[in-house]
Structure formats: C-alpha cells, structure tokens
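Report on the structure given below.
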Amino acid sequence: LVACLVALGACVAAPQKAPVVATAAPAARAQPLATPGLFLYEVRGAQGTAHLLGTMHIGFGFDEVLTADARRRFDAATRVMTEADISGADPERLLQAAMLPPERSLRSVVGEATWKKLLARIDAQIPAPVLDRLEPWLPTVMLGLEDLGHALEELKPGAEPRMMDVELMKEANQRGKQVTYFETVEEQIGVFDSISLEEQV
C-alpha cells in the first residue's frame, strides 16, 4: 500500500562543485536528450549540471529503461534525489490516515450501488467491516494499481514486480551515492488525507 504514495517522478542529480536542484538557477535551461521513450532531461545552471529522470513505478526496471548514455550519466552522479523514502514507511500510519471519522462509513459516503461494486472487487483484499471505515482515496488507489497490474500483465507478462523507483534507490545506495528526498512519506500521506470527501467520491 505504501508504494501507491510514491508520486510519478524522480530526480537524478549530478552536481559539479555544489549541490543543485533543477530550479536553483534562474537561467537554467532544460533540454530533452535525444533518447526515444526515456524521460531524461539535462539541466545546466550556474551551480552545475543536473539530470531529471521520470520514472514508472511498476512494470519497468531501472536497468531495463536506461540507455547506455543514461547509464553513464547515472554512474557519474554523486547525488541522487528521489521523491520520498518509502523504505521506512509505516503501513499502520497509512491506515490511520485513511480512516473515516467514527460517525461516517464508506458505504454511506459512496452510496449503495457503488458500495456493492466496490465489495465485488476489493472484498478479498480488505474485509467489508474494515473497508467500511476507510476514506474513498485508499480503495481508489488500490483499484487503480490493480487495473494497472492487469494491463501490464497483458502487455509485459511477468513485468509487474519490477519497480523502477525502488531499483534506482537500491543501486544508488549500493554505489555509495548521497541519497536525499524531496518529501517525507508523512507529507505525501497528508496530501491524500487533505482531499475533501466530496472530491474523493
């Protein structure tokens, strides 16, 4: 469940002299590198050069997506910045953040017709009494990931377990690169938790 909180991007920074984030230098220019299918950008500014790499959370491996040129750029990087550190995330905290107030129930919030459809799809993963206590965003994200997994299985059988973000962080740590994060998992959970019930429904 925690993996669903990782957003759709990661940055691989390779500063020369001083740490640099892509937006740090007002005169920085982002240019897409000529690599079909790979969301890799080079950003040059007064403080040095950084690379921005867009990642896909499941279905694609880090080494599978990188071209030889992108691999060389990653290998040369001394600092890697990703969205959030999910390795130490607490699933219990995620569940607590997704709980409705005691006087509300998911069944009453989404209506009887939607509740029945939801039960038909998710009851095997979350028992109905627990599901009834959750805000709509958590089952919504779970179902979205499930649908994505089915689509990936059709397009790339056996690819679903590959997690590009996780593989990127693992390799960066193994190579002794300085790993930092833009957000905490708590901050990301807070984004979901702040969405009004009406918007979630």
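We number each residue from 1, following the sequence as shown.
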## Note on the structure
For E146 and Q125, the nearest pair of non-hydrogen atoms, with its separation, is OE1-NE2, 2.6 Å
### Check against side chain to side chain contact (heavy atoms under 4.5 Å, CB included), M99 and E135
CA-CA 6 Å; M99 299 295 281; E135 292 188 3; over 6 Å; no
### Query
So, R121 and D147, do they make that salt bridge, N to O below 4.0 Å?
yes
## Note on the structure
Separation between CD (Q96) and CD1 (I189), nearest 0.5 Å, reads 9.5 Å
### Task
Would you indicate whether the side-chain heavy atoms of M142 and I126 approach each other to under 4.5 Å?
yes
#### Entry: Distance in Å, W137 CH2 paired with S196 OG, rounded so as to fall on 0.5 Å steps
14.5 Å
### Message
Minimum heavy-atom separation for R133 and P129, please, with both atom names.
### Response
CG-O, 3.4 Å
### Query
How many angstroms lie between atom CG of D85 and atom OH of Y181, to the nearest 0.5 angstrom?
3.5 Å
### Task
Show the numbers, then the answer: is there a side chain to side chain contact (heavy atoms under 4.5 Å, CB included) between T78 and K177?
CA-CA 5 Å; T78 58; K177 300 180 186 295; over 6 Å; no
### Query
For L53 and L168, what are the C-alpha separation, side-chain angles and deciding distance, and is it a side chain to side chain contact (heavy atoms under 4.5 Å, CB included)?
CA-CA 11 Å; L53 175 66; L168 183 157; 4.1 Å; yes
### Message
With a sphere of 6.0 Å drawn around CZ of R175, does it hold more than 12 non-hydrogen atoms of other residues, nucleotides or ligands?
### Response
yes
### Query
What residues, two or more places apart in sequence or in another chain, satisfy side-chain contact (heavy atoms from CB on, under 4.5 Å) together with E167?
F62, D63, R162
### Message
With clusters defined by side-chain heavy atoms of hydrophobic residues (ILVMFWY) lying less than 4.5 Å apart, directly or transitively, does F192 cluster with V130?
### Response
yes
### Task
Could you tell me whether a side-chain N or O of N173 sits under 3.5 Å from a main-chain N or O of M169, the two making a donor and an acceptor?
yes
### Query
Donor-acceptor pair, E64 side chain versus G61 backbone, under 3.5 Å?
yes
### Message
Nearest 0.5 angstrom please: W115 CH2 to R107 CZ, how far?
### Response
7.0 Å
### Pair R71 + E171, salt bridge at N-O below 4.0 Å
yes
### Query
Same cluster or not: are L143 and L145 linked, directly or through other Ile, Leu, Val, Met, Phe, Trp or Tyr residues, by side-chain heavy atoms under 4.5 angstrom apart?
yes
### Message
Determine whether a donor-acceptor pair (N or O, by modelled atom type, separation under 3.5 Å) exists between the side chain of T114 and the backbone of G111.
### Response
no
### Query
Are L52 and L40 close enough, and set up right, to give a side chain to side chain contact (heavy atoms under 4.5 Å, CB included), and what steps lead you there?
CA-CA 6 Å; L52 308 179; L40 179 65; over 6 Å; no
### Message
Show the nearest heavy-atom pair for residues P136 and L197, with the distance to one decimal.
### Response
CD-CD2, 3.6 Å
### Query
Which atoms form the tightest heavy-atom contact between L152 and G59, and what is the distance?
CD1-CA, 3.7 Å
### Query
Is any NZ, NE, NH1 or NH2 atom of the basic residue among D69 and R72 found under 4.0 Å from an Asp or Glu carboxylate oxygen of the other?
yes
### Query
Could E42 and R73 be called an ion pair, given the rule that one side-chain N must be under 4.0 Å from one carboxylate O?
yes
### Query
What pair of heavy atoms forms the shortest contact from L131 to I122, and how long is it?
CD2-CG2, 3.3 Å
### Inter-residue atom distance T180.OG1 - Q178.CD, 0.5 Å rounding
6.0 Å
### Message
Would the distance check show the side chain of R44 and the main-chain N or O of A50 forming a donor-acceptor pair, the cut-off being under 3.5 Å?
### Response
no
### L106 CG to L138 CG distance, which is reported to the nearest 0.5 Å
10.0 Å
